[in-house]
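For ligands, and for the atoms within them, numbers begin at 1 and follow the listed sequence.
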Amino acid sequence: MGRRILIFDTTLRDGEQSPGFSMNTKEKLEMAKQLVRLKVDIIEAGFPIASEDDFEAVKTVSQTLKGPIIAGLCRTRFQDIDRAWEALKYAERPRIHTFIATSDIHIQRKLKMSREEVLEAAVAAVQRAKRYCEDVEFSAEDAHRTDQDYLCKVMEEVIKAGATTINIPDTVGYAIPWEFGARIKDLMNRVPNIDKVVVSVHCHNDLGLAVANSLAAVEAGAGQVECTINGIGERAGNASLEEIVMALRTRRDYLNCETGLKTEELYKTSRLLTSITGIAVQPNKAIVGANAFAHEAGIHQDGMLKEKLTYEIMTPESVGVPQSRLVLGKHSGRHAFKKRLSDLGFELSEEDLNKAFVRFKAIADKKKEVFDDDLIAIVEDEVFTVPEVWSLDHLQFTSGTNIIPTATVRLKRQDEILQGSGWGDGPVDAAYKAIDLITEMPGRLLEYNLRAVTAGKDALGEVIVSVEFDGQRVVGRGTSTDVIEASVRAYLNAVNKAVLRRKGRTPAEEQPPAQKGV
Ligand code: KIV
Ligand code: ZN
């Protein structure tokens, strides 16, 4: 057995904190449920004092999920710690994660405190957190730019105060792998009782070294790695969870470490994050990018045909990348559909299965071959989405080289049918104008992304849009064999999310959100 490394996922906190990646409570819960299926050890669900939304998300995740430890972030201020506990107290296995910066530049310029005051605040915070909860993590923000003697002292004292995990962040992504590894090794050798706690690392990717630095720390003795799905996070992001986990698995021969993750869930988790945030990973992204397992060069393909190990260090199956196999067609029945979804890891309720099956039949009628990727897109479209306030009843458009593009859209809201027409720069623009007219909720299109889910001229098109309604950014997703219809479905998905957001708006949400981060 290799040494067991704990995986601390901070997608919902450090990841969500970066511009464009914000998620509402429902989306965070959906994501957290998938992180449970992935079997991460710790889910950092948010920063409860940062905003009402963050508080609600941490509370909801704590109340709902069983299995992993649920962590909430707080500064060393007692008010922060108390608020974090308010949200975390429902969790089966709560963790208070408190932090303060320890580098001189942060202490002097940002905190305007002395080293002694920071040390006192750190110890007092851990003691305060311990009144609530046995599991307390302490992070020394900007640890990598902290004087090592002082860092050792801070860690010694917080361990004495009861911290059970001590975290060494490279907050600004400044470290070089062997330098960071040496720092961890030195801490392991010098800090009294460090063997009684878990040593964690948290690396940012400003120099593209977050994963390498994390692995160097693991080699030096770290027992927990903090990371995010798709590597999202502040600025250039955090260390990518899927890369760390697969590096540990693939190079177990060298690192002799293992995680408890179900790696076959990695691809699905990455896809879910993309469909929630609307931000795709680059095609050449390791592990989860569209080209991660594509062998293009003739010489590589020839090698692969003779012996897969010539060019493949891990299999696509091991990370759950669906094989573009023909699985179902228009004659396939409900039973085969259910079985295939179950093979792909989706256990749906009868109601969700029915919804997905109706959509599958409609798509299979237009598209001769339905692949695994298509099935995943259908489930994401029909099941992992908000309830439809407005649904598409009819769409008609005209477009061409020398005519003005126009669109007529008919939408359904409960028993009501409403119709509108618009013209625009193209059929998508025209259809969006028609929808705005019907819903009386004009949206501003910020981003539009189209991709083919599978290969072939009859491929399912997936559109992800980012739309602003009343100053709030909402992401919508839609699929169809017709790209205009997919575009309309994506826009309507965003409209429905915006409507639900308005309905569920609490008085606190009406106020400007509190500043996130530190
Ligand atoms: O990057 C950082 O230092 C952090 C800490 C709050 C853990 O995110
Ligand atoms: Zn961070």
(request) Could you tell me whether Asn167 and ligand 1 have an N or O pair separated by under 3.5 Å? (result) no
(message) Looking only at distances, can you tell me whether any N or O atom of Glu141, backbone or side chain, sits closer than 3.5 Å to an N or O atom of ligand 1?
(response) no
(message) Please determine whether the number of non-hydrogen atoms from other residues, nucleotides or ligands lying under 6.0 Å from atom NZ of Lys285 exceeds 12.
(response) yes
(message) Minimum distance, heavy atoms only, to atom 8 (O) of ligand 1: which one of Arg13, His97, Glu44, Glu234 is it?
(response) Arg13
(message) Distance under 4.0 Å to a non-hydrogen atom of His204: what atoms of ligand 1 satisfy this?
(response) 1 (O)
(request) Please identify which atoms of ligand 1 are closer than 4.0 Å to at least one heavy atom of Asp14. (result) 8 (O)
(request) Look up atom OG in Ser487 and atom CG in Leu492, then write down how far apart they are to the nearest 0.5 Å. (result) 11.0 Å
(request) Going by the side-chain contact (heavy atoms from CB on, under 4.5 Å) test, name the single residue among Val61, Leu38, Ile43 that passes it with Pro68. (result) Ile43
(request) Of all N, O or S atoms in His202, identify the one at the shortest distance from the Zn ion (ligand 2). (result) NE2
(request) Classify the side-chain pair Ser139/His202 by whether it contains a donor and acceptor separated by less than 3.5 Å. (result) no
(message) Between Lys130 and Glu134 (salt bridge meaning N to carboxylate O under 4.0 Å), is one present in this structure?
(response) yes
(message) Using 2.8 Å as the threshold, say whether any N, O or S atom from Asp14 sits that close to the Zn ion (ligand 2).
(response) yes
(message) For Thr171, which part has a heavy atom under 4.0 Å from ligand 1: side chain, backbone, both, or neither?
(response) both
(request) Assign the ring pair Tyr132 / Trp85 to parallel, tilted or perpendicular, where the plane angle (0 to 90°) is split at 30° and 60°. (result) parallel
